[in-house]
Number of protein chains: 2
Amino acid sequence: MDVLEVLAEPARRRIVDALLTREASVGDLVSALGMSQPAVSKHLRVLREAGLVSARAHAQQRIYRLEPGPFRELDAWLTPFRSLWTRHLDALERHLLEGETP
Amino acid sequence: MDVLEVLAEPARRRIVDALLTREASVGDLVSALGMSQPAVSKHLRVLREAGLVSARAHAQQRIYRLEPGPFRELDAWLTPFRSLWTRHLDALERHLLEGETP
DNA sequence: CCGTAACATGCCTTGACGGGTATATAACCA
DNA sequence: TGGTTATATACCCGTCAAGGCATGTTACGG
């Protein structure tokens with residue numbers, strides 16, 4: 001599954017937002033999201049298989065944390081689109097400069 | 001519909017990628033994507049309603065172009081996640097500095 | 001005014017996905 | 001070892017969205 005498809009799910013976005021602060025166990029996320037444990041585990045599986053999170057075992061718990069890779073991918077994909085508003089700024093600048101040099 | 005949900009669709013990503021180069025009519029996009037015209041029109045509707053593209057009329061054609069707003073939103077959403085790999089760099093720097101000062 | 005070109009919409013079907021309940025699996029504890 | 005905690009899987013159901021076909025709608029061209 002692609003990064004954007006994975007993050008399209010609101011529940012999964014809440015998970016990554018939660019993991020942004022600190023890593024968390026499945027139980028922590030269940031409490032935080034107010035969803036059933038199986039539902040959370042399924043979302044975590046999707047996130048894991050897409051490489052957005054990784055898990056390590058601590059006792060019976062599985063501690064999940066964010067992984068940078070896919071977010072960097074998304075950042076890279078977004079890059080060419082940034083010219084949409086930087087070019088816009090350029091146009092504004094030109095406009096201002098034209099006004100400044102009569 | 002949210003920006004991420006809109007862009008989760010591969011077809012819609014192909015559309016915005018195509019529009020990155022230049023604006024295009026519906027017919028242009030139909031040729032470019034090899035999809036049926038109604039399918040393309042429906043995707044364009046979704047993109048339009050989410051503010052990712054705008055359309056202007058030229059004869060019987062509708063010329064579509066990208067709109068910066070939602071992409072900036074996405075960029076903003078992504079911002080806190082950038083610390084995932086910049087922090088990573090910091091850690092690397094610290095590691096290197098520790099090596100440099102024995 | 002009529003035919004046609006370029007899009008948009010409606011309807012229908014199908015497939016995928018999310019959520020829940022019940023159950024398997026794994027690791028700790030007494 | 002037996003029980004308990006923490007998480008993963010299996011199965012089922014409802015929903016929703018994407019695609020195709022057919023059909024409206026709008027703007028030109030003669």
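Not measured: the values here are computed from a predicted model. Lettering follows sequence order; numbering is per chain, from 1.
Here the side chain of B:Met35 is nearest to one of D:dG19, D:dA8, C:dG19, namely D:dG19. Closest to the side chain of A:Pro38, from the set C:dT21, D:dA22, D:dA18, is C:dT21. Distance from the side chain of A:Gln61 is smallest to D:dT7 among D:dT7, D:dA18, C:dA8. Closest to the side chain of A:Gln60, from the set D:dT7, D:dA18, C:dC28, is C:dC28.
A salt bridge does not link B:Glu9 to B:Arg13: none of the charged nitrogens lies less than 4.0 Å from a carboxylate oxygen. Looking at A:Asp17 and A:Arg12, no side-chain N of the basic residue comes within less than 4.0 Å of a carboxylate O on the acidic one, giving no salt bridge. A salt bridge does not link B:Arg22 to B:Asp28: none of the charged side-chain nitrogens sits closer than 4.0 Å to a carboxylate oxygen.
The two residues B:Leu84 and A:Pro68 come nearest to each other via the heavy atoms O-CG, 4.0 Å.
Atom CD in B:Glu9 sits about 11 Å away from atom P in C:dC17, given to the nearest Å. Across the protein-nucleic acid pair, B:Asp2 atom CG and D:dA17 atom C1' stand 16 Å apart, rounded to whole Å. Atom CG in A:Leu47 sits about 15 Å away from atom C1' in D:dA8, given to the nearest Å. Nucleotide C:dA27 holds its P atom 16 Å from the CZ atom of A:Arg56, rounded to whole Å. Atom CD1 in A:Ile15 sits about 13 Å away from atom P in D:dT7, given to the nearest Å. Atom-to-atom, CD1 of A:Ile63 to C1' of D:dT7 comes out at 12 Å; the value is rounded to the nearest Å. What separates CD of A:Glu5 from P of C:dC17 is a distance of 8 Å, to the nearest Å. B:Arg62 has its CZ atom 8 Å from the C1' atom of D:dT26, to the nearest Å.
A:Trp77 has its ring centre less than 6.0 Å from the ring centre of A:Phe81.
The shortest distance between the side-chain N/O atoms of B:Tyr64 and the OP1/OP2 oxygens of C:dA6 is not below 4.0 Å. Side-chain N/O atoms of A:Ser36 include none lying less than 4.0 angstrom from OP1 or OP2 on C:dG19.
Of the residues in residues 39-46 of chain B, B:Ala39, B:Lys42, B:His43 come within less than 4.0 Å of DNA chain D through at least one heavy atom, sorted by number.
Remark on DNA chain C: of its neighbouring residues A:Arg12 and A:His58, the 5'-side contact belongs to A:Arg12, judged by nearest-heavy-atom nucleotide.
The main-chain N or O of A:Ala39 is found under 3.5 Å from a side-chain atom of A:Ser36 such that the two form a donor-acceptor pair.
Atom NE2 in A:His43 sits 13.5 Å away from atom CG in A:Leu52 (nearest 0.5 Å).
Taking only distance into account, the side chain of A:Gln37 meets the base of D:dA8 through a donor-acceptor pair shorter than 3.5 Å.
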